[in-house]
Amino acid sequence: MENNPSSSRTDRKTIERNRRNQMKALYSTLNSIVPHQRPMEATSLPDQLDEATKYIKRLQTNLERMKERKERLMGIEKPDADAAAATSSSGNSSGTITTGLRSPQIEIHEMGSALEVVLTTGLDFQFMFVETIRLLHEEGVEIVNASFNVVEDTIFHTIHSKIGDSGSDHDASARISERLKKFGQDASAF
C-alpha cells in the first residue's frame, strides 16, 4: 500500500467539499421553510439561523398558548399557583381552578303538542346540545326554535319543538321525555 500524500489531501478536500455542499443544502431547506420578514434581501447564514431560531421559539410559544386555551375551553382542571395562594386563605387548598365542570341538567316541559327542552351544561358538555337535537329529530319532532345563553361557565340551551299532530302526542311526549332524561343521566356519568 502506497502512502501518497497527494491523494490523501485530495480525499480530504473531496470529503470537506461534500460536507459543505450537504450543509449548504440543509441551510437552504431550513431557509425555505421559515417565513421571512424581508423576502427580497439576501441574508447571511448566521442571520438565517437566528431567524429560524426566533421562528421556532414563536411557534413553541403559540403552541403553549393554544394548549392552554384548549384546556380552558374544554374545562380541564389545571394547577394554578395564584389560585392556590388565593384559595388557601379561604380553606380550599386544592390549588386548582375548575372551569366548566358542571353536570348537565335537562328539564322537559310538555304543553300539549309543544315540547320545551331546557338543557343546562358546563363548557365541558357542549356536545349535549347537538345530541339532544339529534335525538329529537330521530323521534320526528319539529324544532321550532333553539337558542342559548352563556353565563360565566354555564350554558343554558332552550329548544322549542312541536310533536306531530297525531292523537298519541302524550305517548310520544312521554317517550321523548324518558329518552332525554336517560341521555342526561348517561352524560352526567362522564
Side-chain angles (χ1 to χ4, degrees), residues 33-35 54-190:
I33 294 172
V34 176
K54 288 177 184 175
Y55 177 69
I56 291 169
K57 286 181 181 179
R58 276 194 316 266
L59 288 176
Q60 288 173 329
T61 303
N62 287 343
L63 179 65
E64 286 302 314
R65 194 169 54 239
M66 287 180 185
K67 282 181 182 177
E68 289 172 5
R69 182 170 183 240
K70 177 184 173 188
E71 289 171 357
R72 223 178 25 253
L73 290 173
M74 293 185 68
I76 296 173
E77 290 186 8
K78 185 175 180 183
D80 184 15
D82 295 335
T87 57
S88 64
S89 62
S90 66
N92 179 3
S93 59
S94 67
T96 58
I97 296 176
T98 306
T99 50
L101 296 176
R102 179 177 316 282
S103 293
Q105 298 174 350
I106 295 181
E107 295 177 28
I108 299 127
H109 305 282
E110 302 171 37
M111 297 161 276
S113 65
L115 188 67
E116 179 186 59
V117 179
V118 179
L119 175 63
T120 307
T121 67
L123 298 174
D124 53 336
F125 283 98
Q126 293 180 36
F127 71 93
M128 285 192 64
F129 176 73
V130 174
E131 290 300 313
T132 302
I133 296 288
R134 183 189 58 75
L135 191 144
L136 290 170
H137 275 281
E138 283 179 1
E139 290 290 337
V141 174
E142 176 186 346
I143 306 296
V144 176
N145 182 18
S147 62
F148 72 95
N149 290 310
V150 179
V151 178
E152 294 182 4
D153 62 348
T154 304
I155 304 174
F156 299 93
H157 301 277
T158 306
I159 304 166
H160 298 274
S161 57
K162 182 179 177 188
I163 300 173
D165 294 329
S166 67
S168 63
D169 289 344
H170 182 67
D171 294 339
S173 180
R175 185 179 66 247
I176 294 167
S177 295
E178 202 55 43
R179 280 190 71 187
L180 286 170
K181 286 177 184 173
K182 184 177 181 332
F183 172 64
Q185 290 168 352
D186 292 346
S188 295
F190 292 110

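- Interatomic distance, His160 NE2 to His109 NE2, rounded to the nearest 0.5 Å: 9.5 Å.
- Within a 6.0 Å sphere centred on CE of Met66, heavy atoms belonging to other residues, nucleotides or ligands number 12 at most.
- Across all non-hydrogen atoms, the minimal contact from Thr132 to Leu119 is OG1-CD2, 3.8 Å.
- At least one side-chain heavy atom of Val151 sits under 4.5 Å from a side-chain heavy atom of Phe156.
- Judged by distance alone, with hydrogens and angles left aside, the side-chain atoms of Ser113 form no donor-acceptor pair with the main-chain N or O of Lys162 at under 3.5 Å.
- Considering CD1 of Ile176 and CD of Glu110, their distance stands at 9.0 Å, rounded to 0.5 Å.
- The aromatic rings of Phe148 and His157 are tilted relative to each other, their planes meeting at an angle between 30° and 60°.
- Between the OG1 atom of Thr121 and the CD atom of Gln105 there is a distance of 10.0 Å, given to the nearest 0.5 Å.
- Around the CD atom of Glu131, the shell of radius 6.0 Å holds more than 12 heavy atoms that belong to other residues, nucleotides or ligands.
- We find the CD-NE2 distance between Glu142 and His137 to be 9.5 Å, quoted to the nearest 0.5 Å.
- The line from CG of Leu180 to CD of Glu107 is 12.5 Å long, rounded to the nearest 0.5 Å.
- The only option from Ile143, Ile159, Ile133, Leu135 that meets the side-chain contact (heavy atoms from CB on, under 4.5 Å) definition with Val117 turns out to be Ile159.
- The salt bridge (Lys or Arg N to Asp or Glu O under 4.0 Å) search around Glu138 returns Arg134, Arg179, not counting sequence neighbours.
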